[in-house]
Enquirer: 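Dumping the structure here so I can ask a few things about it.
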Amino acid sequence: MESMEKKIRRINELYHKSRVQGLTEEEKKEQAALRSEYVASIRASLRGQLNNIDIQEKDGSITNLGEKYGHKGKY
């Protein structure tokens, strides 16, 4: 599997090419797929971070927000 860094680099290459000369249909599809994959990665990362937040209640107990709100589905 390609690293996300390489995918981001390719997204940027395609963006710059689109501004200068335009993209072929194949390149447009590749760009859309890469962007979709990137957004899904960011959402999964954010969801993971949010699911690991603990808050201290007024009574001193600790509540894990991921457990409280149920580890929402994959994005």
Enquirer: With the side chain counted from C-beta on, respond yes when Leu65 and Ile55 share a heavy-atom pair under 4.5 Å apart, and no when they do not.
Expert: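 They are in side-chain contact.
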
Enquirer: Checking Ser36 side chain against Ala33 main chain: does a donor-acceptor pair fall under 3.5 Å?
Expert: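 Checked: no pair found.
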
Enquirer: Starting at CZ of Arg47, measure out to CZ of Arg43 and round the result to the nearest 0.5 Å.
Expert: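 Arg47 atom CZ to Arg43 atom CZ measures 10.5 Å (nearest 0.5 Å).
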
Enquirer: With rounding to the nearest 0.5 Å, note down the distance linking CD1 in Ile11 to NE2 in His16.
Expert: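 If I round to the nearest 0.5 Å, the distance is 11.5 Å.
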
Enquirer: Taking side-chain hydrogen bond (donor to acceptor under 3.5 Å, both in side chains) as the definition, give me every residue that meets it alongside Ser61, ordered by chain and number, with sequence neighbours left out.
Expert: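 With neighbours one apart ignored, the set is Asp59.
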
Enquirer: Nearest 0.5 Å please: distance from the NZ atom of Lys68 over to the CG atom of Asp54.
Expert: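 Reported to 0.5 Å precision, the distance equals 12.0 Å.
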
Enquirer: Just verifying a value: how many Å separate Leu50 CG and Ser45 OG, rounded to the nearest 0.5 Å?
Expert: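 One finds 9.5 Å between CG of Leu50 and OG of Ser45.
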
Enquirer: For Glu57, check side-chain hydrogen bond (donor to acceptor under 3.5 Å, both in side chains) against everything at least two apart and list the hits.
Expert: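 By the side-chain hydrogen bond (donor to acceptor under 3.5 Å, both in side chains) rule, Glu57 matches Thr63.
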
Enquirer: For Asn12, give me all partners under side-chain hydrogen bond (donor to acceptor under 3.5 Å, both in side chains), at least two apart in sequence or on another chain.
Expert: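 Counting only residues at least two positions away or on another chain, Asn12 forms no side-chain hydrogen bond (donor to acceptor under 3.5 Å, both in side chains).
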
Enquirer: Considering residues at least two apart in sequence or located in another chain, which fulfil the salt bridge (Lys or Arg N to Asp or Glu O under 4.0 Å) criterion with Arg9?
Expert: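 Counting only residues at least two positions away or on another chain, Arg9 forms a salt bridge (Lys or Arg N to Asp or Glu O under 4.0 Å) with Glu5.
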
Enquirer: Is Tyr15 linked to Tyr38 within one hydrophobic cluster, defined over Ile, Leu, Val, Met, Phe, Trp and Tyr using a side-chain heavy-atom separation of less than 4.5 Å?
Expert: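 Shared cluster, no.
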
Enquirer: Quick one: pull up CD in Glu67 and CG in Asn52 and give me the separation to the nearest 0.5 Å.
Expert: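 Interatomic distance, Glu67 CD to Asn52 CG, rounded to 0.5 Å: 9.5 Å.
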
Enquirer: Taking salt bridge (Lys or Arg N to Asp or Glu O under 4.0 Å) as the cut-off, I'd like each qualifying pair that reaches into residues 13-22, sequence neighbours left out, listed once.
Expert: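 Residue pairs passing salt bridge (Lys or Arg N to Asp or Glu O under 4.0 Å), neighbours aside: Arg10-Glu13, Lys17-Glu27.
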
Enquirer: Measure across Asn64 and Asn51 and return the closest heavy-atom pair with its distance rounded to 0.1 Å.
Expert: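 The pair with the smallest heavy-atom distance is OD1-O, 3.1 Å.
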
Enquirer: Test of understanding: with side-chain contact (heavy atoms from CB on, under 4.5 Å), list the residues that count as partners of Lys28, not counting sequence neighbours.
Expert: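 Result, side-chain contact (heavy atoms from CB on, under 4.5 Å) vs Lys28: Leu23, Glu25.
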
